[in-house]
Protein chains: 2
Amino acid sequence: MRAGERAHRLLHEDIVEWRLAPGTVLSEVEQAARLGVSRTPVREAFSRLLSEGLVEPQPGRGLAVSPVSAESVRAMFELRMALDAQAAGLAAQRGDAGLFAELARRLEAMAEDPGQDDDDRHAYYALADRLDAALDAAVASSYLVQAQRSLRVHLSRVRRLSKGDERRLRGAAAEHAQIARAVAAGDPELARACTRVHLSNSMAAILAAISTTREEHP
Amino acid sequence: MRAGERAHRLLHEDIVEWRLAPGTVLSEVEQAARLGVSRTPVREAFSRLLSEGLVEPQPGRGLAVSPVSAESVRAMFELRMALDAQAAGLAAQRGDAGLFAELARRLEAMAEDPGQDDDDRHAYYALADRLDAALDAAVASSYLVQAQRSLRVHLSRVRRLSKGDERRLRGAAAEHAQIARAVAAGDPELARACTRVHLSNSMAAILAAISTTREEHP
DNA sequence: TTCTTCCTCTATGTATACACAGGTTTGGGC
DNA sequence: GCCCAAACCTGTGTATACATAGAGGAAGAA
């Protein structure tokens with residue numbers, strides 16, 4: 001694999017998985033040494049991270065991993081609300097009803113009996129990802145899907161904060177199921193409304209997790 | 001100014017202003033020679049253009065300026081519909097009523113008497129840009145504004161196609177005025193609806209311009 | 001003791017040399 | 001005359017050398 005691509009993927013993962021904490025300063029030579037490549041591919045990786053918004057220029061000190069705040073989560077969800085609602089609405093008009101009915105059925109089953117261990121959790125996340133992928137495929141609108149994709153990078157970074165909240169998991173499954181049902185029914189307005197409700201709850205859960213974390217590490 | 005930044009700005013302008021037509025193949029050495037810099041800053045510029053979506057990788061032939069099609073315009077407006085409607089709604093909740101009332105007043109004047117020469121057109125575009133900037137400032141939501149900004153790059157590329165349509169200009173001014181009025185009135189639902197109407201008309205005008213162009217140059 | 005100035009060091013910006021891959025063209029053989 | 005293979009050429013990928021700017025520290029003067 002190309003060194004530049006590899007460097008980008010490693011740094012990307014390190015940031016999203018919180019191995020590189022927000023505020024950490026990155027220098028080209030330092031990362032080049034750590035990743036075992038020269039500065040050139042690291043420069044390429046930095047440039048991509050910058051355009052993704054995962055790092056910010058730090059005047060005179062190179063780049064720093066961008067911070068995560070309650071304010072930034074709110075801003076993130078104000079965009080996500082617009083994107084996902086639009087996507088759900090378009091999918092309801094264009095999607096394959098059978099596919100979404102099937103997804104709804106499986107999500108409902110999961111909402112009623114979420115299970116407790118890691119395997120069950122992973123099964124739920126996999127199913128939620130399949131719903132996202134099905135929505136992407138149904139809207140077939142490159143710019144919209146692209147915007148969602150680049151936002152999901154940031155979402156996956158903050159979502160780690162609320163993972164493991166069992167009660168939220170059950171609710172999220174039920175909300176996903178209802179979105180899938182609305183799309184299967186071909187009801188754009190309902191699909192949009194369900195999406196807004198789901199995102200509102202998700203955001204509340206993440207904001208709660210952030211304030212808890214802040215209290216633990218003030 | 002840094003050579004990489006300059007190279008990016010020049011290439012960016014060349015693409016948006018249609019001096020580099022869609023499909024044109026770009027090679028590092030060629031552009032480095034044309035712009036009078038070495039390959040390194042050109043590489044940086046290419047990488048930024050790639051992440052903006054203005055160029056696409058052409059397997060085995062370097063990069064090519066991305067194509068513009070009726071389909072891509074539709075996809076663009078499906079995203080813009082979501083972003084601008086959300087922005088207008090948020091601005092109606094948060095914006096300074098006085099500022100938008102003033103903008104509405106001036107846009108109405110322009111809709112009633114648009115004028116005919118280039119100066120009048122420029123005055124209208126300047127006013128429309130001021131409305132966009134005021135909406136951006138009012139929503140104060142970094143992710144949403146950032147998404148709008150990156151989409152506007154592509155929009156400005158296709159908007160050139162419909163510029164000079166005098167009848168559309170008058171209608172667009174009236175629609176902008178109504179958006180500003182709705183925001184000034186603090187009515188999010190109306191602001192969203194006005195935005196959707198405006199964008200629907202804009203898209204129709206651009207699609208009409210594209211099919212006309214296609215007929216002229218089949 | 002503190003402020004200012006200069007020096008140094010470390011960071012990035014740029015150029016260029018070299019490696020390598022893929023496509024095309026040309027030459028030889030059938 | 002056609003087909004296959006090899007070499008070349010053009011393109012990007014990577015490393016490194018050098019220029020330069022900015023920040024931080026040290027030293028001298030007030």
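Every chain is numbered from 1 and lettered A, B, ... according to where its sequence line falls, protein lines coming before strand lines.
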Could you give the [atom1]-to-[atom2] distance, from [X] to [N], as a whole number of Å?
X: B:Arg2; N: D:dT20; atom1: CZ; atom2: C1'; value: 14 Å
X: A:Phe46; N: C:dG13; atom1: CZ; atom2: P; value: 11 Å
X: B:Gln58; N: C:dG22; atom1: CD; atom2: P; value: 16 Å
X: A:Gln31; N: D:dT14; atom1: CD; atom2: C1'; value: 18 Å

Checklist entry - Taking atom types as modelled and ignoring hydrogens, do the side chains of B:Ser66 and B:Glu56 form a donor-acceptor contact shorter than 3.5 angstrom? => result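 No - no donor-acceptor pair under 3.5 Å links their side chains.
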Next on the checklist: Can you see whether A:Arg168 engages A:Ser202 through a side-chain donor-acceptor pair at a distance of less than 3.5 angstrom?
Outcome noted: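 Yes.
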Checklist entry - Parallel, tilted or perpendicular: which describes the rings of B:His154 and A:Tyr143, with under 30° parallel and over 60° perpendicular? => result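 If you compare the ring of B:His154 with that of A:Tyr143, the planes turn out perpendicular.
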Checklist entry - Hey, can you pull the residues of residues 20-28 of chain A with a non-hydrogen atom under 4.0 angstrom from DNA chain D? => result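 Residues of residues 20-28 of chain A under 4.0 Å from DNA chain D: none.
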Checklist entry - Does any residue of residues 34-45 of chain B have a heavy atom under 4.0 Å from DNA chain D, and if so, which ones, in number order? => result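 Residues of residues 34-45 of chain B that come under 4.0 Å of DNA chain D are, in numerical order, B:Arg39, B:Arg43.
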For [X] and [Y], which heavy atoms make the closest approach, and how far apart are they?
X: A:His8; Y: A:Glu52; answer: NE2-OE1, 3.2 Å
X: A:Val68; Y: A:Pro22; answer: N-CB, 4.2 Å
X: A:Ala92; Y: A:Ala182; answer: CB-O, 4.4 Å

Checklist entry - Any ring-ring contact (aromatic ring centres under 6.0 Å, His included) pairs touching residues 65-86 of chain A, not counting sequence neighbours? => result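 Every pair satisfying ring-ring contact (aromatic ring centres under 6.0 Å, His included) with a residue in residues 65-86 of chain A: there are none.
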Checklist entry - salt bridge (charged side-chain N to carboxylate O under 4.0 Å, His left out) with B:Glu44: which of B:Arg39, B:Arg6, B:Arg2? => result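 With B:Glu44 as partner, B:Arg39, B:Arg6, B:Arg2 yield a single salt bridge (charged side-chain N to carboxylate O under 4.0 Å, His left out), made by B:Arg2.
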